[in-house]
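Only one structure is covered here, and it is reproduced in the block below.
All figures in this text were calculated on a predicted structure; none of them were measured in a lab.
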Amino acid sequence: MIFSESLKKYGDFQRVYRKGTSYANRYLVMYVLPAGTQKNRIGISVSKKVGNSVVRHRITRLIRESYRLNETKFVEGIDMVIVARMGAKERNFFEIESAMLHLGRLHKIMKETSMEEVKKNEINSDSSD
């Protein structure tokens, strides 16, 4: 992860849980707290209720990879904790990624490209051919 670090300390997790805002969907819960730094810090939590260690580590890897591939879409300077729910157990990478991006849009921490910009880019690329 280029622009991000991991949240590792218990106190950091607790600060984000207590002071941050949260949104949830069927598979994930995301807590976000503005940090005022240049980098994002991400923490991932998967409870023993979700499954055994193999299942928990698989979900953790899916969440981390989906964040890594999309980290340029997130604004800088936030601490976030992503908690996996029971529904994430049987899901594939694309469903986890979609759930994470959905929560990012709900929190308004995504750098969204407006549809007008997309259309302008398409028109410019067509006219240059």
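- Within the structure, side-chain hydrogen bond (donor to acceptor under 3.5 Å, both in side chains) pairs that include any residue of residues 79-91 comprise R15-D79, Y27-R91, R41-D79 (at least two apart or interchain).
- Contacts of E65 classified as side-chain hydrogen bond (donor to acceptor under 3.5 Å, both in side chains), with partners at least two apart in sequence or in another chain: R68.
- V50 has its side chain within reach of I59: a pair of non-hydrogen atoms, C-beta onward, lies under 4.5 Å apart.
- Sorted by first and then second residue, the ring pair (Phe, Tyr, Trp, His ring centres under 6.0 Å) pairs involving residues 70-98 (not counting sequence neighbours) are Y67-F74.
- A chain of hydrophobic side-chain contacts below 4.5 Å, direct or via other Ile, Leu, Val, Met, Phe, Trp or Tyr residues, connects L103 to L69.
- In the hydrophobic clustering of this structure, M110 groups with M100; members are Ile, Leu, Val, Met, Phe, Trp, Tyr whose side-chain heavy atoms approach within less than 4.5 Å, directly or through other members.
- Qualifying ring pair (Phe, Tyr, Trp, His ring centres under 6.0 Å) partners for Y17, counting only residues two or more places apart in sequence or in other chains: Y31.
- Here the CD-CG distance, from E95 to L62, works out to 10.5 Å after rounding to the nearest 0.5 Å.
- Interatomic distance, I42 CD1 to I63 CD1, rounded to the nearest 0.5 Å: 8.0 Å.
- Under a 4.5 Å side-chain heavy-atom cut-off, the cluster of Ile, Leu, Val, Met, Phe, Trp and Tyr residues that includes V54 has no other member.
- Applying side chain to side chain contact (heavy atoms under 4.5 Å, CB included) to M80 and the options L7, V32, V16 leaves one that passes, V32.
- The nearest pair of heavy atoms linking A99 to N25 is O-ND2, 3.0 Å.
- Remark: R58 CZ is packed, more than 12 non-hydrogen atoms of other residues, nucleotides or ligands lying under 6.0 Å away.
- When the side chain to side chain contact (heavy atoms under 4.5 Å, CB included) test is applied to S53, the partners found at least two apart in sequence or on another chain are R56, H57.
- Chaining together hydrophobic side chains whose heavy atoms lie under 4.5 Å apart leaves Y10 on its own.
- Evaluation of the side chain to side chain contact (heavy atoms under 4.5 Å, CB included) rule for T60 yields I44, V46, R64 as partners, not counting sequence neighbours.
- Of the possible donor and acceptor atoms, one in the side chain of H107 sits under 3.5 Å from a partner among the backbone N and O of M30.
- L33 is not connected to I82 by any chain of hydrophobic side-chain contacts under 4.5 Å among Ile, Leu, Val, Met, Phe, Trp and Tyr, and they are in different clusters.
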Evaluate the side chain to side chain donor-acceptor pair (under 3.5 Å) criterion for residues N70 and E97: first the C-alpha distance (whole Å), next the side-chain angles of each, then the deciding distance (0.1 Å), finally the verdict.
CA-CA 9 Å; N70 294 289; E97 180 182 39; 2.7 Å; yes
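- A continuous path of Ile, Leu, Val, Met, Phe, Trp and Tyr side chains, each step under 4.5 Å between heavy atoms, connects Y23 with L101, placing both in one hydrophobic cluster.
- Residues satisfying the ring pair (Phe, Tyr, Trp, His ring centres under 6.0 Å) test with F13, not counting sequence neighbours, are none.
- Applying the side-chain hydrogen bond (donor to acceptor under 3.5 Å, both in side chains) criterion to E76, with sequence neighbours excluded, gives K111.
- Separation of atoms OG (S6) and CG (N40) is listed at 11.5 Å; rounding is to 0.5 Å.
- Applying the side-chain hydrogen bond (donor to acceptor under 3.5 Å, both in side chains) rule to K39 yields no partners; only residues at least two apart in sequence or on another chain are considered.
- Rounded to the nearest 0.5 angstrom, S22 OG and L28 CG are separated by 13.0 Å.
- The ring pair (Phe, Tyr, Trp, His ring centres under 6.0 Å) check on H102 picks up nothing, with sequence neighbours excluded.
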